[in-house]
Protein chains: 2
Amino acid sequence: MATGRTHRPATRSRGIPEATVARLPLYLRALTALSERSVPTVSSEELAAAAGVNSAKLRKDFSYLGSYGTRGVGYDVEYLVYQISRELGLTQDWPVVIVGIGNLGAALAGYGGFASRGFRVAALIDADPAMTGKPVAGIPVQHSDDLEKIIAEDGVSIGVIATPAGVAQQVCDRLVAAGVTSILNFAPTVLSVPDGVDVRKVDLSIELQILAFHEQRKAGEEPGDESAPAAAAPTVPQAATRTTAESGRKGPDGDVPAVMPA
Amino acid sequence: MATGRTHRPATRSRGIPEATVARLPLYLRALTALSERSVPTVSSEELAAAAGVNSAKLRKDFSYLGSYGTRGVGYDVEYLVYQISRELGLTQDWPVVIVGIGNLGAALAGYGGFASRGFRVAALIDADPAMTGKPVAGIPVQHSDDLEKIIAEDGVSIGVIATPAGVAQQVCDRLVAAGVTSILNFAPTVLSVPDGVDVRKVDLSIELQILAFHEQRKAGEEPGDESAPAAAAPTVPQAATRTTAESGRKGPDGDVPAVMPA
DNA sequence: GCGTGTGAATTCATTCACAGCC
DNA sequence: GGCTGTGAATGAATTCACACGC
């Protein structure tokens with residue numbers, strides 16, 4: 001369906017499959033950790049393990065970006081960090097506004113992961129006059145009356161919606177009208193937007209429901225294995241049979257330190 | 001690859017494709033909204049629009065569950081709500097623990113979307129002794145020393161990790177050892193878990209990076225259309241040419257026209 | 001006639017396996 | 001010898017289009 005218009009070439013643009021784009025940030029994080037440890041090069045096998053994917057997929061993903069590796073050796077960490085950052089558009093600064101400063105909005109405002117990449121919280125916006133001026137995570141909250149002005153002045157093109165579901169569409173409309181073309185939506189609603197605007201959503205309860213589905217499966221499937229999985233592993237199930245959330249069994253603690261700001 | 005073991009049939013189990021499972025919660029939300037409005041039946045076309053997907057996909061999805069519709073008429077709302085709930089395992093109660101009660105954990109604790117489905121916050125757990133006993137969203141925080149006891153007593157099988165990345169793996173290990181078999185991870189780390197444990201992750205900064213990628217595309221692509229999309233829609237771009245955030249990649253979202261401001 | 005349900009066709013993603021280069 | 005880069009093979013998800021039942 002969509003609106004007749006191709007809606008958006010999505011992948012076509014310059015050939016990088018959407019699934020690959022979604023994994024680039026993962027690689028980037030693993031690479032950043034390696035970089036901080038001053039590891040000069042890494043093989044597809046190692047990097048894949050750190051990112052929780054398998055190496056064939058990783059190599060295929062990188063092949064869409066170009067030939068940045070060296071056969072028989074691996075990838076230069078610094079160089080790859082740069083290439084992926086560039087591809088993702090993180091070499092430039094992206095001002096972001098967060099609308100709806102409840103618990104979630106406050107958590108987002110204080111989230112280190114934003115600042116650490118090219119994102120900068122340009123403004124926090126809330127409709128509650130009592131919030132106005134109050135600093136959250138060091139940034140004073142502004143009133144939603146000024147939303148349009150703020151977006152225009154700061155040249156914001158990415159907006160985060162952390163409001164209650166009831167007002168999410170209205171907020172979205174105002175953001176879009178003011179010039180925002182990418183939206184990250186935390187409200188449990190389907191947003192409709194004009195063509196050319198990207199929306200991604202994060203929905204907590206949906207994730208839980210998916211887990212519940214699989215959980216139910218497990219319970220019903222093994223009629224013999226009723227011995228409470230708890231008993232299986234005495235204390236901490238060490239490496240041996242562990243598998244990273246993806247596929248390949250990951251080394252013991254080999255994982256990247258993942259210090260990542262809190 | 002994988003650990004030799006089938007790792008997890010993912011889809012195979014009883015034939016429902018993973019992509020379909022991920023959309024069921026969307027349909028459910030849209031249906032619940034219809035139900036509250038006492039709408040008796042709905043067509044695939046209408047429901048699809050409300051859920052932000054296209055109708056062919058929706059019909060195919062439902063066909064995996066069985067034939068619950070009536071040709072020439074549509075689907076019975078109440079009946080479908082029940083069938084999907086059952087399929088997702090929401091007809092039973094799922095106690096959930098949230099570990100790490102910072103801003104994010106607090107936001108999760110107070111999130112209405114949990115309680116509204118079959119999920120019940122059984123406990124909030126934090127390592128900071130200063131937090132112990134303090135009520136968050138009406139639930140007293142417990143100390144992480146008691147993690148194993150809490151999980152055993154309440155028969156918790158789903159855990160939510162909202163801790164800093166540095167301790168996420170340790171927390172995960174303890175949860176798993178105590179009997180948790182499904183984990184929702186908000187920490188920006190790859191968790192490794194033994195076979196048979198499901199992990200889903202929600203990563204805020206990754207979502208933003210994906211948006212940045214597309215944003216960058218837009219900027220570079222239209223050398224002619226520099227007229228700021230802001231000007232396009234004077235105030236609120238109404239339905240007409242709007243498209244719901246469908247064709248997007250990952251998971252769409254669902255809910256009826258939000259507020260129906262009317 | 002209308003709208004579901006579904007095989008068939010198509011598009012997209014992952015995995016295999018190996019040629020090519022260091 | 002080891003590891004990348006990639007065509008070819010497989011598998012999953014989406015879309016098409018229409019037969020079928022109400």
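Sequence lines set the chain letters: A, B, ... in the order given, protein chains first and strands last, and positions in each chain run from 1.
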| Whole Å only: how far is the CG atom of Asn54(B) from the C1' atom of dA13(D)? | 12 Å

| remark: Of Ser44(B) and Lys60(B), the one whose nearest nucleotide on DNA chain C sits closer to the 5' end is Ser44(B)

| said: Please classify the nucleic acid contact of Phe62(B) as base, sugar-phosphate, or nothing, using heavy-atom distances under 4.0 Å. | reply: nothing

| query | If you check the Glu18(B) side chain, which of dT4(D), dA13(D), dT4(C) turns out closest? | reply | dA13(D)

| For the side chain of Glu36(A) and the backbone of Ala33(A), is there at least one donor-acceptor N/O pair under 3.5 Å apart? | no

| query | Any salt bridge between Arg217(B) and Glu87(A), counting N to O under 4.0 Å? | reply | yes

| message | Using the side-chain heavy atoms of Ser63(B), tell me which of these nucleotides is nearest: dA13(D), dT15(D), dG5(C). | response | dG5(C)

| request: Give the nucleotide from the list dA13(C), dG5(C), dG2(D) with an atom nearest to the side chain of Arg71(A). | output: dG2(D)

| field | side-chain N/O Tyr64(B) vs dT14(D) OP1/OP2, d < 4.0 Å | value | no

| Side chain of Thr70(A), backbone of Val73(A): donor and acceptor closer than 3.5 Å? | no

| said: What is the distance, to the nearest angstrom, from the OH atom on Tyr79(A) to the P atom on dT4(D)? | reply: 16 Å

| So, Trp94(A) side chain and Ser157(A) main chain: donor-acceptor pair closer than 3.5 Å or not? | no

| Rounded distance in Å - CZ (Arg23(A)) to P (dA13(C)) | 9 Å

| field | Atom-pair distance (CG on Asp61(B); P on dG5(C)), nearest Å | value | 12 Å

| Given Tyr75(A) and Tyr68(A), is the ring-ring contact (aromatic ring centres under 6.0 Å, His included) satisfied, shown in steps? | CA-CA 7 Å; Tyr75(A) 302 91; Tyr68(A) 296 144; 8.7 Å; no

| task | Please tell me which of Arg59(A) and Val73(A) maps to the more 5' nucleotide of DNA chain C, matching each residue to the nucleotide holding its nearest heavy atom. | result | Arg59(A)

| Roughly how many Å is it from CG in Leu47(A) to P in dG5(D), rounded to a whole number? | 12 Å

| query | Atom NZ of Lys57(A) to atom P of dC12(C): distance rounded to whole Å? | reply | 18 Å

| field | Pairwise distance CZ(Arg86(B)) to CD(Gln216(A)) - rounded to 0.5 angstrom | value | 8.0 Å

| remark: Whole-Å distance, Leu65(B) CG to dT4(C) P, equals 15 Å

| note | Here the distance between atom P of dT6(C) and atom CG of Leu58(B), to the nearest Å, is 14 Å

| query | Below 6.0 angstrom between ring centroids: does that apply to Tyr111(B) and Phe114(B)? | reply | yes

| task | Quantify the bending of the helix from dG1(C)-dC22(D) to dC22(C)-dG1(D) as the angle between its end axes, each fitted on five pairs, to 10°. | result | 0°

